[in-house]
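Shown next, in structure tokens, is the structure this report addresses.
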Amino acid sequence: MNKKDVLCIIEAIASDAFFKDYIIKKSDNSIICKTEYGYKRVVFWYHNGYDMQRDDIALEIRPVYDIRFNILHKWFEKYSKRTIKDQRDTDSIGFTGNMINATDEICFLENRKDYNKDLQALHHVVIENANLVFPKYGTLKAYYEYRIEDVLKGKQEFPDTGFEWVIRYLIATKIVAPSDYDKVKELILLRIDFMMGRGEPNTKMYYDDLPKILEDLENTDFKSGKWGKLTGII
């Protein structure tokens with residue numbers, strides 16, 4: 001089975017009324033719904049593998065459920081060292097099935113035995129997981145609680161690679177919980193020092209510009225509407 005087969009599977013799932021506002025994006029094997037605040041999408045990652053239960057070669061499809069809040073990304077475009085296309089194709093938060101304690105992937109046998117059964121199973125999984133992720137994490141408040149507040153509570157740690165998450169987390173805090181901003185900034189700066197000590201390449205690219213970036217960010221009014229709509233997502 002190949003990319004063409006994957007696209008046929010995606011088309012079958014996208015035909016469900018649940019996805020009536022979505023379009024298929026063949027370039028990244030996804031179905032996406034653009035919203036006033038950004039987008040929500042399901043990306044179908046796949047690779048050739050093996051179905052241990054049925055003891056046969058199989059195509060393994062793993063859906064990923066992404067949400068993007070433009071307001072967390074758009075402001076940083078003037079500083080980003082990535083292409084605009086890459087920046088605007090970046091989600092704010094995403095989940096695999098495993099991350100929400102749900103079915104993670106479905107196997108399609110290479111010989112197509114049980115194809116309709118497997119398609120029905122994937123169809124069910126995608127709708128069930130999308131119906132959980134998109135409403136539950138579709139607000140900046142939910143994003144803040146999951147990505148940042150849980151760190152303040154000691155339930156998880158900040159990422160230890162990359163840099164653009166730094167900006168997203170600070171903007172989200174500034175909008176949702178401004179009283180936490182100084183504490184979040186302090187913890188993030190400690191994390192940046194840790195990453196610099198490891199020679200993390202993305203952090204090194206922005207480190208010299210960090211004081212200017214932070215000063216600009218802290219003087220920006222993200223509730224003005226210039227950087228993205230907030231209605232319905234705070």
(request) I would like to know whether L109 and Y115 meet side-chain contact (heavy atoms from CB on, under 4.5 Å); could you show each step before the answer? (result) CA-CA 7 Å; L109 298 181; Y115 179 86; over 6 Å; no
(request) List the steps and the verdict of side chain to side chain donor-acceptor pair (under 3.5 Å) for N202 and K81. (result) CA-CA 10 Å; N202 295 288; K81 302 182 188 301; over 6 Å; no
(message) Apply side-chain contact (heavy atoms from CB on, under 4.5 Å) to residues L72 and Y143 and explain how you reach the verdict.
(response) CA-CA 11 Å; L72 301 184; Y143 176 89; 3.7 Å; yes
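Under the side-chain contact (heavy atoms from CB on, under 4.5 Å) criterion, P201 pairs with no residue at all, not counting sequence neighbours. For the salt bridge (charged side-chain N to carboxylate O under 4.0 Å, His left out) test, no residue two or more places apart in sequence or in another chain qualifies with K85. K25 meets the salt bridge (charged side-chain N to carboxylate O under 4.0 Å, His left out) test with D28, D89; sequence neighbours excluded. The side-chain contact (heavy atoms from CB on, under 4.5 Å) check on Y207 picks up I192, D193, M196, with sequence neighbours excluded. Under the rule for a salt bridge (charged side-chain N to carboxylate O under 4.0 Å, His left out), E11 has no partner lying at least two apart in sequence or in another chain. Every side-chain contact (heavy atoms from CB on, under 4.5 Å) that K229 has, sequence neighbours left out, goes to E36. Under the salt bridge (charged side-chain N to carboxylate O under 4.0 Å, His left out) criterion, E200 pairs with no residue at all, not counting sequence neighbours.
A donor-acceptor contact shorter than 3.5 Å links the side chain of T220 to the backbone of D216. T203 places no side-chain N or O within donor-acceptor distance of the main-chain N or O of G199, the cut-off being under 3.5 Å. Remark: side-chain polar atoms of R68 are not paired, donor with acceptor, to backbone N or O of H73 under 3.5 angstrom. The backbone N or O of K223 lies less than 3.5 Å from no partner atom in the side chain of W227, so there is not a single donor-acceptor pair. Side-chain atoms of Q87 come within 3.5 Å of backbone N or O of R82 as a donor-acceptor pair.
Within the structure, every pair that satisfies the side chain to side chain donor-acceptor pair (under 3.5 Å) test and touches residues 172-181, not counting sequence neighbours, is listed here: Y144-D180, Y181-E218. Residue pairs meeting the side chain to side chain donor-acceptor pair (under 3.5 Å) criterion with at least one member in residues 53-62, sequence neighbours excluded, are H47-E60, Y50-D55, D51-R54, R54-D114, R54-D118, D56-N111, R62-D104.
Using a 4.5 Å heavy-atom threshold, the side chains of I67 and Y37 count as touching. Under the 4.5 Å side-chain criterion, counting only non-hydrogen atoms from C-beta, Y39 is in contact with D91.
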Could you pull out all donor-acceptor pairs under 3.5 Å where a side-chain atom in residues 125-135 meets a protein atom, sequence neighbours excluded?
from	atom 1	to	atom 2	distance (Å)
N129	ND2	Y65	OH	3.2
N129	ND2	T103	O	3.3

Distance-only donor-acceptor pairs under 3.5 Å for side chains of residues 13-22, two or more places apart:
from	atom 1	to	atom 2	distance (Å)
S15	OG	A12	O	2.6
D16	OD1	F18	N	2.8
D16	OD2	H123	NE2	2.8

Contacts under 3.5 angstrom, residues 148-158 side chains, donor-acceptor by atom type, not counting sequence neighbours:
from	atom 1	to	atom 2	distance (Å)
Q156	NE2	Y146	O	2.5
E157	OE1	R191	NH2	3.4

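Using a 4.0 Å cut-off between charged nitrogen and carboxylate oxygen, D5 and R112 count as a salt-bridge pair.
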